[in-house]
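Taking it in order: structure first as structure tokens, then the write-up.
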Amino acid sequence: MSNQPLITRRTALLGAAAGVLASRTAFAQATSGPIRVGVIMPLSGGAGPQGQHVTQAIQSMAALINAKGGVMGRQIEILARDDESVPAVGVSRANELISAGVSVIIEGWNSPVTLAMQPVINRAGILDITAISKADPILSGEGNKLAIRLNSSNAQDGAVVANYIANIAKAKRVAFLTQNDAYGNGAQASIEAELKKLNYDYQKVSEEKFPFTQADFRVALTNVRGAKPDVTIAINANEGLGMPALIRQASQSRLPGQLVAAVGTIAPSVIKIAGDASEGLIGADIYFPDVEPFASNPRNKEFVAKTEEMFKYTPDKFMALGAGALEAWAQAADEVKSLDKEPVANRIRGGKFANTIFGEMQFEPNGQLKSQHYLFTVKSQKLVVDTAKG
């Protein structure tokens, strides 16, 4: 009995020493070794191919940054997770990366998934950068007061499409095929709001809504065709399945008027799947690897070459946005000499970054990257950009 207190004290001392050692080890790991960067994208399902490409582009950008010394002298390690385009799965993957000790999470293909993950990542005190998701509430501050987004917003895109309808096509009969979620409904609302701002006189002759997973649009297209639109705006973020199917079925149905894809929904991979049905499709976007001002940009050329070397694929807009997110974060962290959320976020929001794949990147105070849009037409399964109408 008399030895029991001594044993207890010794055990306590040993436990305390072990705790101090563990804390020192954790601190050493946090300040040395690779910096873990989390990436959450759909790696399976309808948007899986595009999510894989975005992840690969982030990996190629990490290779470029690591080759020049990394961030604060430390190498970047990418930890990628599949959100399966499901909000609950995205939240689960965010928690996995939080537990893995990432310093930043680059996420966001589907707006509902992003909106579900934002408060979880925010509460963990980790910087959250949205690469692709477009819904305007992402920057509202409700889920994350320090939100950052690279892709153009629904509001920005709405102005581009409205300008095409009113000033280029001069269409009077307008139909919508709209994905029925935060992204799709927000995109349509933005187009209509911008048309109203232009005081443009038109008639909405048809409106068909569908879920993200839908791949059969024949009934909806029959309804739209009967309305005889001058233009039909297709708002579909399922680039791996839904959008190519919609394009093919629109061609097969002999849809009258001009089919116009919502901004940022047409990538080379979409055209490859849609095939000849994509001929004449109108769209707009913010990045093209082989069109000025990107073609002669040294940093962009370096990024394109590295991506082609590592993955045998020329990067599209989505891939550039993912890579740009990592590039902006790396520059910011290097400048402020910190991985902490607030100083890095405050450097990005409202800030400028030179010598990036987008040239000079400039962010609005609310975290939105400023973008220049360019209209394009699909000809012979290639994007033909009209820089005069940017």
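For this chain, numbers begin at 1 and follow the sequence in order.
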Fill in the blank from the handout: Residues at least two apart in sequence or cross-chain that pass side-chain contact (heavy atoms from CB on, under 4.5 Å) with S253, listed by chain then number, are L221, L255
Is a donor from one side chain sitting under 3.5 angstrom from an acceptor on the other, for [X] and [Y]?
X	Y	answer
E107	T114	yes
D181	Q179	yes
N122	K145	no
S269	Q50	yes
D316	Y287	no
S152	S371	no
S44	E84	no
S190	E194	no

Practice task
State whether R93 and D82 are salt-bridged, where the test is any N-O pair (Lys NZ or Arg NE/NH1/NH2 against Asp/Glu carboxylate O) under 4.0 Å.
Solution key: no
Exercise for the section: Decide, yes or no, whether a salt bridge links K379 with E279 under the criterion of side-chain N to carboxylate O below 4.0 Å. Expected result: no
Check whether any side-chain heavy atom of [X] lies under 4.5 Å from a side-chain heavy atom of [Y], and answer yes or no.
X	Y	value
I105	I40	yes
E192	K204	yes
T377	L281	no
H373	Q156	yes
I233	Q188	no
Q59	F311	yes
M117	D128	no
W329	I129	yes

Are the side chain of [X] and the backbone of [Y] linked by a donor-acceptor contact shorter than 3.5 Å?
X	Y	result
S278	A274	no
N163	A159	no
R349	I148	no
S380	K382	no
N180	K209	no
R36	E77	no
D334	M72	yes
N144	L146	yes
R149	Q368	no
D83	G90	no

Might you point out which heavy atoms bring [X] and [Y] nearest each other, and give the distance in Å?
X	Y	value
W109	P42	CB-CD, 3.4 Å
F288	D285	CZ-CB, 3.7 Å
D136	S153	OD1-CB, 3.7 Å
N238	P244	O-CD, 3.8 Å
G324	I357	N-CD1, 3.8 Å

Starting at [atom1] of [X], measure out to [atom2] of [Y] and round the result to the nearest 0.5 Å.
X	Y	atom1	atom2	result
N355	E327	CG	CD	9.0 Å
L139	N366	CG	CG	5.0 Å
E208	Q214	CD	CD	9.5 Å

Are [Y] and [X] connected in a single hydrophobic cluster, I mean Ile/Leu/Val/Met/Phe/Trp/Tyr linked by side-chain heavy atoms less than 4.5 Å apart?
X	Y	answer
V263	Y164	yes
L246	V270	yes
V336	I35	yes
L150	V344	yes
M243	F376	yes

Exercise for the section: Could you tell me if the ring centre of F217 sits under 6.0 Å from that of F210? Expected result: yes
Handout entry: Steps toward side chain to side chain contact (heavy atoms under 4.5 Å, CB included) verdict (I235, Y183)
Key = CA-CA 9 Å; I235 307 172; Y183 158 66; 3.7 Å; yes
Problem - Sequence neighbours excluded, every pair satisfying salt bridge (Lys or Arg N to Asp or Glu O under 4.0 Å) that has a member inside residues 221-239 - result: none
Problem - Test log, rule side chain to side chain contact (heavy atoms under 4.5 Å, CB included), inputs V174 and Q203 - result: CA-CA 6 Å; V174 180; Q203 182 182 2; over 6 Å; no
Handout entry: Worked verdict on Q249 versus D216 for side chain to side chain contact (heavy atoms under 4.5 Å, CB included)
Key = CA-CA 8 Å; Q249 291 164 26; D216 187 345; 3.9 Å; yes
Practice task
Answer yes or no on whether R347 is positioned over the face of F353, meaning its NZ or CZ is under 6.0 Å from the six-membered ring centre and within 45° of the axis.
Solution key: yes
Handout entry: Charged tip of K172 within 45° of Y200 ring normal and under 6.0 Å
Key = yes
Practice task
Could you give me the CA-CA distance, side-chain angles and deciding distance for F318 and H53, then say whether ring pair (Phe, Tyr, Trp, His ring centres under 6.0 Å) is met?
Solution key: CA-CA 8 Å; F318 303 120; H53 289 158; 9.8 Å; no
Residues, nucleotides or ligands: over 12 heavy atoms within 6.0 Å of [X] [atom1]:
X	atom1	result
N223	CG	yes
E342	CD	no
E142	CD	no

Exercise for the section: Assess whether side chain to side chain contact (heavy atoms under 4.5 Å, CB included) is satisfied between R299 and L64, documenting all intermediate values. Expected result: CA-CA 10 Å; R299 182 62 169 172; L64 290 175; 4.2 Å; yes
Handout entry: Qualifying residue, where the test is side chain to side chain contact (heavy atoms under 4.5 Å, CB included) with I247 and the options are N236, I271, I266
Key = I266
